[in-house]
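None of the values given here were measured: they were computed from a predicted structure. Along the sequence shown, residues are numbered consecutively beginning with 1.
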Amino acid sequence: MDFPAFPEGFVWGTSTAAYQIEGAVGESGRGPSIWDTFSHTPGRTAHGDTGDVACDHFHRYRDDIGLMTDLGVAAYRFSVAWPRIQPDGKGPANVEGLDFYQRLVDELGDAGITPFLTLYHWDLPQALEDAGGWRVRDTAERFAEYAAIVHSALADRVPMWTTLNEPFCSAFIGYSEGRHAPGATEGHGALAAAHHLLLGHGLAVKAMRAQQYGDEKFGITLNMAHVTPATDDPADVAAAQRSDLLQNRVFSDPILAGRWPSGEAELWSPISDFSFRKAGDLDIVHQPLDFLGLNNYAPTYAKNAPTVDGDVTFRVATDIGVVDNPPATLGRTAMGWPVEADGLRRLLVWLRDSYPQLPPVYITENGCAYVDTVVDGKVDDPERIAYFDSHLRAVRQAIDEDVDVRGYIAWSLMDNFEWGYGYTKRFGLVYVDYQTQQRIPKSSYYWYKKLVTRRGDSNEG
Ligand code: IFM
């Protein structure tokens, strides 16, 4: 394997999320989440798939940690299901739910794997959605309360704390595009959701820091994309600015620079008066962070296009007159996403240049779906190996360009419930047979194992 060396101490890991793998939705006193409701609503997910059983990780977590031990990774990024801890989104901790994560974290400790814990990967307790969800300020306050509960129980064993995973998806795919739970298609409501997610992040960091246990680190994971205008036509250049605002700067500007992003009033004042913002909110959102988690899969090539709804007052927040138009020469994954590893390098360099206060970055997700098949008990996935290989080289190049990247956490440890796509898209290093729950490490798993156990610093074949 001819691969460039990574810095000493660079962290290698794999990632999952609670609703995508745990199953056991009715166990440990867990309450319903918006994803239970959404996935059980006809027409919302492919084949009506739900996370009811998923990878049955709730019962098989020891075996899954065994897979990671064998893989040789130093870190495991997972999320805690809020409705296991607070079944209706408020009040004291449900001890049985908390116990599951105590066992998981203890087992990881025994295996010498560092837990990277995410507090929220999209499974809002349904009771909170019924009270307005992320559209309302109270949800941000409830989130901080929940964060403090989990933190006080696990801070002695969890060094890395992430508040939210991909608030862009929660706010804009969940409340504007309607492709994710709760399936809303709104303008003002989606912008309010984005704001309350930001606020919830800031309040949660403050609450956890107020009870800091030791040297644990606090951060957030944003999904971002490097945006290029599809052509040099001024209309496409302007479209790229709108796309960059929606995908990136709505979250990164307040969190990393303590400012509301430029261009938002021009884009959204017809649909929202931003009345959800209160004095002092920006200071709450702009907490000093110990790290930024970065999720990236593909770059964006923005092309100007007509908005879907001609009547601006009815427009949803994501209807910004942009289509993604990547070069036809780029390959595509099974998600239809273009493959261009240099997009990740450009994104990292853009972050370095845009935010002087940028904390150390961990790539908390990067990976790809392809159509995987089992042949003679094996899964050969050369396209996934090529994807990881090229993206890791891009990360290495960014490090050479002085971006402080401290780790790479592949998405995903194993195939899982891919939200609206149900079980039709496979992102895992490990294949999951959903009928039998058999796990079959793919050839990419063995490739990653070789890389990880040599810490990417060997040129030996
Ligand atoms: O599966 C998701 C994950 O939950 C969040 N980031 C993107 C992944 C692939 O779509």
Side-chain angles (χ1 to χ4, degrees), residues 19 32-51 120-140 164-200 223 225 239 242-251 261 263-277 300 302-324 335-336 417-422:
Y19 190 72
S33 80
I34 55 173
W35 269 97
D36 296 288
T37 308
F38 187 78
S39 64
H40 279 271
T41 305
R44 291 302 205 174
T45 64
H47 309 306
D49 289 345
T50 73
Y120 185 73
H121 198 124
W122 308 351
D123 40 4
L124 185 71
Q126 182 61 44
L128 293 185
E129 179 57 30
D130 295 342
W134 287 109
R135 299 174 195 86
V136 300
R137 199 173 180 91
D138 184 61
T139 300
L164 306 172
N165 176 71
E166 303 183 355
F168 166 85
C169 298
S170 300
F172 292 116
I173 306 185
Y175 288 89
S176 172
E177 292 182 21
R179 291 189 292 114
H180 280 184
T185 46
E186 299 175 18
H188 177 80
L191 293 167
H195 181 69
H196 296 130
L197 282 152
L198 283 164
L199 192 66
N223 58 316
R242 296 195 297 279
S243 176
D244 185 40
L245 168 64
L246 173 67
Q247 293 194 76
N248 299 324
R249 293 185 297 106
V250 163
F251 298 99
E264 56 175 10
E266 294 88 313
L267 188 57
W268 286 310
S269 55
I271 60 170
S272 178
D273 58 4
F274 289 83
S275 52
F276 38 77
R277 281 188 190 158
T300 295
K303 186 155 187 52
N304 185 51
T307 51
V308 174
D309 195 327
D311 184 342
V312 73
T313 47
F314 294 108
R315 232 170 248 169
V316 300
T318 45
D319 187 7
I320 60 167
V322 181
V323 290
D324 191 14
M335 298 293 283
F417 176 78
E418 179 54 23
W419 309 110
Y421 297 90

Nearest atoms (heavy-atom pairs only) where Pro182 meets Arg44 | O-NH2, 4.5 Å
Pairs involving residues 179-190, ordered by first then second residue, that meet salt bridge (Lys or Arg N to Asp or Glu O under 4.0 Å) (sequence neighbours left out) = Arg135-Glu186, Glu177-Arg179
Side chain to side chain, Phe417 and Asp49, heavy atoms closer than 4.5 Å | yes
Hey, what do you get for CZ (Arg249) to CG (Asp244), rounding to the nearest 0.5 Å?
-> 5.0 Å
Ring pair (Phe, Tyr, Trp, His ring centres under 6.0 Å) with Phe251: which residues, sequence neighbours excluded?
-> none
Here the gap from Leu199 atom CG to Trp134 atom CH2, rounded to the nearest 0.5 Å, amounts to 9.0 Å
Considering residues, nucleotides and ligands other than Phe274, do more than 12 of their heavy atoms fall under 6.0 Å from its CZ?
-> yes
Test item: Leu191 and Ile271 side chains (from C-beta on) under 4.5 Å apart, heavy atoms | yes
Any Asn304 side-chain heavy atom under 4.5 Å of Arg242 side chain = yes
Who passes side chain to side chain contact (heavy atoms under 4.5 Å, CB included) against Val308, sequence neighbours left out?
-> Asp319
Is there a donor-acceptor pair closer than 3.5 Å between any side-chain N or O of Trp268 and the backbone N or O of Gly187?
-> no
Run the numbers on Tyr175 and Leu197 for side chain to side chain contact (heavy atoms under 4.5 Å, CB included), then give the verdict.
-> CA-CA 12 Å; Tyr175 288 89; Leu197 282 152; over 6 Å; no
Just jot down the side-chain hydrogen bond (donor to acceptor under 3.5 Å, both in side chains) partners of Asp324, sequence neighbours excluded, or say none.
-> none
Least distance between heavy atoms, Val250 atom then Ala194 atom | CG1-CB, 4.3 Å
Side-chain contact test, heavy atoms from C-beta onward, threshold under 4.5 Å: evaluate it for His196 versus Thr139 and give yes or no.
-> no
Can you list the residues that meet the salt bridge (charged side-chain N to carboxylate O under 4.0 Å, His left out) rule with Arg137, with sequence neighbours excluded?
-> Asp281
Please name the pair of heavy atoms, one in Val322 and one in Ser243, separated by the smallest distance, quoted to 0.1 Å.
-> CG1-CB, 4.2 Å
Any chance you could measure Ser176, atom OG, to His188, atom NE2, to the nearest 0.5 Å?
-> 13.5 Å
Nearest heavy-atom neighbours spanning Thr313 and Asp311 | OG1-OD1, 2.7 Å
With distance as the sole criterion, is a donor-acceptor pair present between the side chains of Ser170 and Tyr120 under 3.5 Å?
-> no
Spatial distance of atom CG (Leu267) from atom CZ (Arg315) [nearest 0.5 Å] | 9.0 Å
Can you tell if the side chain of Ile320 reaches within under 4.5 Å of the side chain of Thr307, non-hydrogen atoms only?
-> no
Quick one: closest heavy-atom pair of Trp122 and Cys169, and the distance?
-> CZ2-CB, 3.4 Å
Within-4.5 Å side-chain heavy-atom neighbours: Trp419 and Ile173 = no
Supply the atom-to-atom distance Thr300 OG1 to Leu246 CG, rounded to the nearest 0.5 angstrom.
-> 9.5 Å
Output all residues satisfying ring pair (Phe, Tyr, Trp, His ring centres under 6.0 Å) with His195, sequence neighbours left out; order by chain, then residue number.
-> Trp260, Phe276
Write down the atom of Gly133, the atom of Leu124, and the distance for their closest heavy-atom approach.
-> CA-CD2, 3.9 Å
Please round to the nearest 0.5 Å and tell me the distance separating atom NE2 of His121 and atom OH of Tyr19.
-> 13.0 Å
